[in-house]
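Numbers restart at 1 for each chain; the letters A, B, ... are given by sequence-line order, proteins then strands.
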Amino acid sequence: MTQHHAETPLAAAHTPSERWREKAHPGTATYAKAAVSLIFLTGVEVVIFYIDPLRSVVIPLFFMLSIIKFALVAMFYMHLRYDARLFSWFFVGGILLATSVICGLIALFKTIFV
Amino acid sequence: MAQAAHAEHAPEHPTSTGLDNRKLLMWLFLGSDCLFFGSLIATYLINYGKSLVGPYPHEILDILVTSVSTFVLLLSSFMFVLSLAAHTRGDYRAFRVWVLCTVILGCTFLGFQVFEFQQFVHEGLTPRTNLFGTTFFTLTGFHGAHVTIGVVWLLSLFFLSLRGKLGPDKNLSVDIAGLYWHFVDVVWIVIFTVIYLSGVVAGTNAAGG
Amino acid sequence: MNGRGRLLPIAAAIGFVGIFLFWILYYGRTPETPQSIFEAAGPVARMQLNLFWWIFWAATIVFIVVELAFVYALFHFRRRSGDPLPAQTHGNMPLEIGWTIAPAIILAIIAVPTVSVLWKVLTLPNEGVRLEVEAVAHQWWWEFNYPSLGIKTANEMHIPAGTVAVIKLESKDVIHSFWIPKLGGKLDMIPGQHNVMWLQGDEPGVYYGQCAEFCGEGHALMRFRAIVDTKEDFDKWTALQKQPAGAPTTGAAAAGRDIFMGKGACAGCHTVRGTDARGPVGPDLTHIGSRLTIAAGIMDNTHDNLAKWIADPEGLKPGNLMGTVITKGKFSSDELNGLASYLGSLK
Amino acid sequence: MATAAIARHPAAFWDRVWMWLTTVDHKRIGALYGVTAFLFFLLGGTEALFMRLQLMRPEQNMVPPETFNQLFSMHGTTMIFLAIMPLSAAFFNLIIPLQIGARDVAFPRLNAFSYWTFLAGGIMLNTSWFLGGALNAGWFAYSPLTGLTFNPGHGVDFWAISLILLGIASTAAGLNFVVTIVNMRAPGMTLTRMPVFVWMTLVVSFLIVTAFPVITVALIELAFDRAFGFNFFSVTAGSNPILWQHLFWVFGHPEVYILILPAMGIVSEILPTFARKPLFGYMFIVFSGISIGVMGWMVWAHHMFTVGMGPVANTMFTLTTITIAVPTGVKIFNWIGTLWGGSIEYKTAMLFAVGFIAMFIIGGLSGLMHAVSPSDAQQQDTYFIVAHIHYVLFGGSILGIFAGIYYWFPKATGRLLGEGLGKIHFWLTFVGFNVTFMPMHFVGLNGMPRRQSTYAADMGWNLWNMVETIGAFILLASLLVFLYNFFRSGRKGEQAGADPWDARTLEWAIPSPPPEHNFDTIPQVHGRDAFWEQKHPHAAPVPAGGANGQLHPAEHQGGGHEPIHMPNPSYWPLLVSVGLGIAGYGLIYITHRAPGAFSLNWGGLAAIVVGVTFAAISTFGWYKQPAAGPEH
Ligand code: HEA
Ligand code: HEA
Ligand code: CUA
Ligand SMILES: [Cu+2]
């Protein structure tokens with residue numbers, strides 16, 4: 001947080017919107033690439049779903065693929081990659097907390113989902 | 001709260017971090033919403049496989065249909081980044097076209113959900129039937145509610161733009177609406193993986209041996 | 001320094017801390033009460049009590065040190081007229097490190113016995129004689145089954161001294177909690193989940209128990225007794241409990257039995273083995289006459305109390321199921337007398 | 001107040017009502033929060049008095065069991081959600097913008113919305129008393145006792161829905177204050193220069209926005225089970241009712257730090273002022289606050305040591321829980337370090353702050369004794385726990401809040417609270433508090449379970465229960481003294497001036513009560529204790545940049561005068577809250593139900609439709625209305 005903090009007349013030269021436009025948003029090409037990857041990964045998921053021999057190992061794979069998809073959307077479409085670090089902290093903080101609660105509860109209930 | 005954030009169009013003061021208040025609020029809200037969905041997902045997982053009577057997930061969930069609706073939602077996210085880009089360029093006509101596409105895709109997704117719910121009820125799965133029904137309808141239902149709010153929000157942007165009230169100074173409003181929309185999308189990515197793909201696989205594994 | 005006497009701060013600090021210590025330590029001297037945790041009568045309660053004292057003294061030492069320093073500072077550094085601005089200190093690194101580490105060490109010292117007791121209490125001992133008991137909670141009474149002995153009773157649990165009782169806890173409705181302070185800490189009775197705890201009584205005696213998880217209107221009146229018997233007494237009790245109910249011997253009791261089986265509608269809820277009464281809803285009354293208390297430990301088992309209970313269960317324990325059917329004024333005093341005699345005869 | 005004037009000008013009266021209804025000024029909203037929450041505090045206290053009367057002697061029948069159960073359930077809920085949290089919110093509102101040198105919070109209308117929604121939730125919760133009975137299952141409402149089978153009335157529904165409303169209000173406030181603190185600080189107010197109260201508010205706000213969604217989900221599940229026959233907590237459908245407990249306490253434990261950290265922040269402001277020394281170990285106090293917040297997430301199951309989680313889980317949660325003593329200890333020791341070598345003046349505010357420390361230590365140590373899970377098996381659900389919670393909640397939060405009231409009352413009103421009465425109030429509270437709650441330790445260890453509508457005479461609990469009841473009435477007396485002092489001083493208390501305590505932070509640099517726009521010019525901050533260092537330049541460590549430690553206006557782009565935009569008053573937030581309230585009542589009555597048989601209640605549905613529509617239209621009005629007014 002601190003590194004964003006200008007000690008002297010505060011970020012006076014920039015209006016906020018200029019500030020976040022500084023690092024330009026990715027262009028349409030990048031968006032399209034992300035879209036293609038997302039669709040492709042979803043396709044992969046569906047395909048491996050139907051491959052019977054993979055049944056016993058496929059669940060971790062699903063989770064990995066969905067993490068990648070999640071990251072793609074968050075980084076490019078929600079442009080976290082280009083935006084202030086603070087936003088990522090807020091979001092990732094929420095995700096981490098939620099994930100740990102889920103994992104903690106699963107451990108406590110000894111549910112072996114999947 | 002989302003609307004509230006959206007509605008607050010204070011004149012731009014310089015802020016301590018140089019970041020806009022509304023955008024900060026939105027991100028924090030999304031962080032908070034993660035815990036909302038996290039708790040629902042935890043409920044789902046803990047009750048997974050505990051239903052005493054069917055229908056069970058692997059008997060009733062249709063991966064192919066849902067992968068199409070997943071595809072639709074992903075595409076809508078793509079549409080929305082295009083509309084934000086258009087708005088940033090100042091191309092408001094393109095902006096409106098893409099927003100409308102987003103809305104249509106969002107509605108399509110909701111249509112799929114309504115269809116799915118109806119189908120399930122038809123096949124004997126209601127929220128009252130068993131634990132799977134209870135947790136499934138609640139989790140996906142709340143996701144659907146988020147999508148609905150998103151659709152209304154995007155529509156309001158569309159109409160504002162039609163009336164010329166969404167000029168360059170409102171770029172941030174578009175951006176923030178987009179954050180919400182994409183968030184709804186990533187939540188669905190998780191739900192699709194957990195309930196549909198993994199849930200069905202685990203169910204058939206357990207049932208089929 | 002002369003303006004700032006040292007005596008007052010020290011006296012004040014000791015006084016303040018002393019008052020609290022007196023208060024806190026006072027309970028060490030409270031008369032022995034039926035549910036006091038300070039009179040452990042079995043290994044589980046004793047381990048828990050020892051641990052309690054361990055952590056209690058740790059906490060007390062922390063309390064004394066910290067509050068003494070605190071109250072001393074309060075008095076010693078109070079403002080006098082003409083005080084100059086005090087030195088503007090901002091912190092002190094060694095101190096900070098010290099008072100981060102010191103508590104951590106104390107906690108480590110606490111943690112070791114804690115974890116060891118924890119495992120001992122929560123894992124079943126695999127040596128020694130064991131007796132299995134099933135305790136089933138109902139709103140607001142207790143059912144006790146001894147599967148290995150084929151016994152079913154209510155509201156009073158008998159166990160032989162020196163024997164590990166392995167108690168399976170269940171509930172038929174909401175969450176209750178099984179607690180006999182002198183024998184050991186509580187464990188919840190949860191519908192749909194089977195908790196198991198173990199207890200052991202060293203000496204014969206009657207120990208009070210009580211439901212410790214809020215379970216609705218009658219929660220305060222959901223008590224019971226645990227009776228630790230000598231081996232012989234326990235065997236005698238077992239033999240008695242296995243018998244079906246005896247026939248009434250007096251006229252009043254016989255009349256009472258007829259009401260019980262007939263117009264009283266008691267048999268619809270209660271079981272009296274050896275008779276037609278097979279109701280599964282209320283406590284098993286086959287040997288009610290041999291119990292010390294009635295209605296989940298709220299009253300001594302006397303003829304009058306039995307009559308009082310049957311006359312107005314709702315008044316004595318609002319909300320309880322029996323009161324929905326057996327309403328006040330349903331029976332004449334003769335009938336009550338008969339019922340009480342009959343029940344009293346079921347030794 | 002100006003009753004005579006109002007009688008002569010009825011229109012002025014309605015103007016004032018209108019002004020309060022539409023205000024978006026953080027100071028006014030703070031006052032609304034404070035007054036409302038204090039009334040709820042008195043209500044919760046009155047409920048406690050009835051409990052104490054019933055428990056005064058064994059085997060009494062003054063309060064029937066069912067009523068008693070409602071009393072303690074509502075007492076706990078009221079104190080936690082309607083008294084302490086909003087009292088803390090009152091301080092956030094009144095003080096945070098002033099301490100960080102801002103003109104208002106980041107979202108003034110959202111702030112008003114928080115207040116009105118809180119009020120709606122509080123009113124809804126308490127109307128249950130008149131609409132068929134209040135919650136009767138304890139403030140943590142364990143399932144399945146809250147299920148339709150065992151609890152057919154509407155009390156649980158009222159509780160669940162109003163808590164959802166309160167959660168919305170709190171979350172909105174939490175979001176608002178995070179943004180405010182992160183973004184609205186005066187130039188030069190770096191994170192490490194923020195007053196500790198601001199820091200604690202920041203931590204609490206993070207806890208609120210993360211913890212409340214969890215309880216909201218739990219409440220939704222409960223409400224759906226009851227209204228529509230869902231199976232979340234239905235044992236017969238195979239569900240495990242323990243899930244409720246986990247969800248509740250995943251929220252519930254962070255919640256207790258939500259309750260205590262603001263008080264800790266208040267005390268951290270007061271001690272340096274009256275000891276005339278900077279806070280000792282500022283960074284350590286801040287970091288320990290943050291780590292308490294973080295660790296608070298890892299300990300929830302210490303409320304569930306007796307549900308049979310097994311030895312592994314009990315060990316884990318025991319260890320994580322006792323660890324919290326370390327950062328808490330760091331705070332306590334640094335407070336003592338602050339006093340050490342100081343020149344301590346005992347104004348009432350300081351007395352309460354000092355009482356807070358003395359009592360919180362006791363409560364914390366008994367907390368530690370619960371954390372040791374094997375011996376907690378003897379304590380859980382006894383009065384020993386009740387003693388712990390009151391030592392931390394009353395001895396902690398409430399004493400801290402009273403300290404804050406005495407400290408900031410002059411800033412808010414321009415008048416001092418009477419010191420003489422204040423001291424009587426303090427000593428009555430201090431004595432009454434200990435007389436009420438200390439004996440609860442003893443009866444608890446002598447086996448008295450909590451939530452007992454009555455107890456037998458032969459248990460050895462009689463004496464101390466009587467003492468506790470007497471203590472409760474001493475507390476009643478102390479509160480009456482306070483109320484008298486409050487009303488008297490509000491009217492004719494001594495004029496305070498801008499800085500009655502020779503205090504340290506920015507809010508004391510401006511007049512009391514502060515002008516509507518707070519600061520004529522936004523100050524430039526050069527150090528911690530910004531105002532103190534201006535008053536005592538020789539005492540300040542010389543800043544590295546060679547700045548002179550003076551408070552002076554920020555140099556802005558133009559160097560000149562910055563136009564002040566004050567937010568417009570707005571009734572939209574109020575209307576949105578009203579809409580939510582109506583919808584909430586609709587949700588409570590959405591179905592006619594009996595276990596296994598549900599049918600839609602058209603009236604309930606209509607209320608939901610009306611309420612939601614109303615809220616939606618009002619949201620739109622809110623959206624259309626410009627946020628800020630013309631230049632002043
Ligand atoms: C303001 C609210 C507040 C606060 C701050 C705390 C603080 C703590 N609480 Fe408490 N707690 C409650 C409110 C609070 N609690 C409530 C409301 C309940 C009951 C809910 C219900 O059932 O209704 C409860 C119940 C509760 C339980 C459950 C008991 C049970 O039901 O069986 C436990 C168990 O571990 C516990 C532990 C602790 C601990 C370890 C702390 C620690 O944070 C305390 C840390 C402080 C200190 C330890 C003192 C100061 C430190 C020093 C002087 C340093 C040196 C110390 C040592 C080395 C020991 N609390
Ligand atoms: C902040 C929290 C807080 C506060 C301040 C208090 C304050 C008090 N509490 Fe309690 N309490 C809880 C939180 C709190 N409590 C919680 C969470 C529980 C657990 C609930 C549960 O089990 O579910 C509990 C439970 C609890 C119990 C246990 C109930 C049981 O288990 O059966 C008891 C019993 O004595 C009690 C007593 C008191 C008393 C005497 C006060 C006193 O300090 C109150 C002092 C206040 C007054 C005396 C009011 C004065 C009133 C006026 C001046 C009115 C005048 C009126 C007008 C002018 C309009 N509380
Ligand atoms: Cu059973 Cu309390
Ligand atoms: Cu806790």
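Contacts between C:I298 and chain D at a heavy-atom distance below 4.5 Å are absent for every atom of the residue. Of the two parts of D:T315, the backbone and the side chain both hold a non-hydrogen atom closer than 4.5 Å to a non-hydrogen atom of chain C. Residue contact with chain C, scored on non-hydrogen atoms closer than 4.5 Å, involves the side chain of D:P241 exclusively. The contact between D:V235 and chain C is made entirely by side chain atoms (from C-beta outward), counting heavy-atom distances below 4.5 Å. In this structure, the portions of D:N334 lying under 4.5 Å from any heavy atom of chain C include both its backbone and its side chain. Contact annotation for C:Q139: only side-chain heavy atoms (C-beta onward) come within less than 4.5 Å of a heavy atom of chain D. For C:L49, no part lies near chain D; criterion is any non-hydrogen pair under 4.5 Å. Only the backbone of D:L279 comes within less than 4.5 Å of a heavy atom of chain C; no side-chain atom from C-beta onward does. At a 4.5 Å heavy-atom cutoff, the contact between D:Q245 and chain C is made by side-chain atoms alone. When heavy atoms are compared at a cutoff of 4.5 Å, D:L339 approaches chain C by way of both its backbone and its side chain. Both the backbone and the side chain of C:V117 come within contact range of chain D, judged by heavy atoms closer than 4.5 Å. There is no contact between D:T338 and chain C, counting heavy-atom distances below 4.5 Å. Contacts of D:N314 with chain C are made by both backbone and side-chain atoms, with heavy-atom separations under 4.5 Å. Heavy atoms closer than 4.5 Å to chain D are found nowhere in C:N50, neither backbone nor side chain. At a 4.5 Å heavy-atom cutoff, the contact between C:E67 and chain D is made by side-chain atoms alone. Residue D:Y346 touches chain C through its side chain alone, counting heavy-atom pairs closer than 4.5 Å. Contact of D:A371 with chain C is not made at all, since no heavy-atom distance falls under 4.5 Å. Only the side chain of D:F72 comes within less than 4.5 Å of a heavy atom of chain C; its backbone N, CA, C and O stay farther away. At a 4.5 Å heavy-atom cutoff, the contact between C:A87 and chain D is made by backbone atoms alone. Contact of D:F333 with chain C is made through backbone and side chain together, with heavy-atom distances under 4.5 Å. Contacts of C:W99 with chain D are made by both backbone and side-chain atoms, with heavy-atom separations under 4.5 Å. With a threshold of 4.5 angstrom between heavy atoms, D:S366 does not approach chain C through any atom at all. Contacts of C:I110 with chain D are made by side-chain atoms alone, with heavy-atom separations under 4.5 Å and no backbone atom involved. With a 4.5 Å cut-off on non-hydrogen atoms, C:P318 touches chain D through its side chain but not through its backbone.
The heavy-atom pair separating C:N320 from C:P313 by the smallest distance is ND2-O, 3.2 Å. Taking every heavy atom of both residues into account, D:Q54 and D:N61 meet most closely at OE1-C, 3.9 Å. In plain terms, the two heavy atoms of D:G138 and D:S73 that are nearest each other are N-OG, 2.7 Å. The minimum heavy-atom distance between D:T454 and C:A220, with the atom names listed, is O-CB, 3.6 Å. For C:D83 against C:R78, the heavy-atom pair with the smallest separation is OD2-O, 4.1 Å. When all heavy atoms are compared, the tightest approach of C:W140 to C:A296 is O-CB, 3.4 Å.
Taking CG of C:L183 as the start and OH of C:Y207 as the end, the distance is 6.5 Å to the nearest 0.5 Å. Note that CE of D:M440 is 14.0 Å distant from NE2 of D:H388, once rounded to the nearest 0.5 Å. Within the model, atoms NZ of C:K120 and CE of C:M47 stand 6.5 Å from one another, a figure rounded to the nearest 0.5 Å. Note that the OG atom of D:S453 and the CG atom of D:N69 stand 6.0 Å from one another [nearest 0.5 Å].
For the ring-ring contact (aromatic ring centres under 6.0 Å, His included) with D:F356, the lone residue among D:F430, D:Y391, D:W335 that qualifies is D:W335.
In terms of heavy-atom pairs under 4.5 angstrom with chain D, the leader among C:I37, C:L122, C:N195 is C:I37. Of all the listed residues (C:L74, C:T123, C:L221), the one sharing the greatest number of non-hydrogen pairs under 4.5 Å with chain D is C:L74. Contact count versus chain C (heavy atoms, under 4.5 Å) is highest, among D:V326, D:V330, D:T236, D:V307, for D:V307. Ranking D:N136, D:L319, D:T318, D:N434 against chain C, the residue ahead of the rest is D:N434, based on heavy-atom pairs under 4.5 Å. Ranking C:G319, C:P181, C:P103 against chain D, the residue ahead of the rest is C:P181, based on heavy-atom pairs under 4.5 Å. Chain D forms more heavy-atom pairs under 4.5 Å with one residue of C:H219, C:E213, C:E96, C:R223 than with any other, namely C:E96. Interface summary for chain D: among C:T89, C:I106, C:L95, the most heavy-atom pairs under 4.5 angstrom belong to C:T89. Note: C:L118 leads C:L118, C:T114, C:N92 in heavy-atom pairs under 4.5 Å with chain D. By number of non-hydrogen pairs under 4.5 angstrom with chain C, the leading residue of D:I242, D:I332, D:T323, D:V443 is D:I242. The choice from D:G341, D:G308, D:A456 that makes the most heavy-atom pairs within less than 4.5 Å of chain C is D:G341. Chosen from D:R276, D:K277, D:M304, the residue pairing most often with chain C at heavy-atom distances under 4.5 Å is D:R276. Among D:G460, D:S375, D:G310, the residue with the largest count of heavy-atom pairs under 4.5 Å with chain C is D:S375.
Of all residues spanning residues 186-194 of chain C, those with a heavy atom less than 4.5 Å away from chain D's heavy atoms are C:K186, C:L187, C:D188, C:I190, C:P191, C:G192, C:Q193, arranged by number.
C:D312 places a side-chain N or O within donor-acceptor distance of the main-chain N or O of C:G315, the cut-off being under 3.5 Å. Put simply, the side chain of D:T382 gets close to the backbone of D:Q379: a donor and an acceptor are under 3.5 Å apart. Remark: the backbone N or O of D:P65 is not paired with any side-chain donor or acceptor of C:E217 at under 3.5 angstrom. Without hydrogens or angle criteria, D:H370 side chain to D:G367 main chain gives no donor-acceptor distance under 3.5 Å. Distance alone, capped at 3.5 Å, is enough to place a donor-acceptor pair between the D:W244 side chain and the D:F140 backbone.
A salt bridge links D:K347 with D:E345: the closest approach of a Lys/Arg side-chain nitrogen to an acidic carboxylate oxygen falls below 4.0 angstrom.
Cation-pi check for D:R450 over C:F214 is not met; the charged atom does not lie both under 6.0 angstrom from the ring centroid and within 45 degrees of its normal.
Between D:W340 and C:Y72, the ring center distance clears the sub-6.0 Å criterion. Between C:F224 and C:Y208, the ring centre distance reaches or exceeds 6.0 Å.
Few gaps surround CE on C:M299; more than 12 heavy atoms of other groups in view lie less than 6.0 Å from it.
Inspection of the C:R79 and D:S343 side chains reveals an N or O donor paired with an N or O acceptor under 3.5 Å.
Counting heavy atoms from C-beta outward, C:P125 and C:W198 have side chains that approach closer than 4.5 Å.
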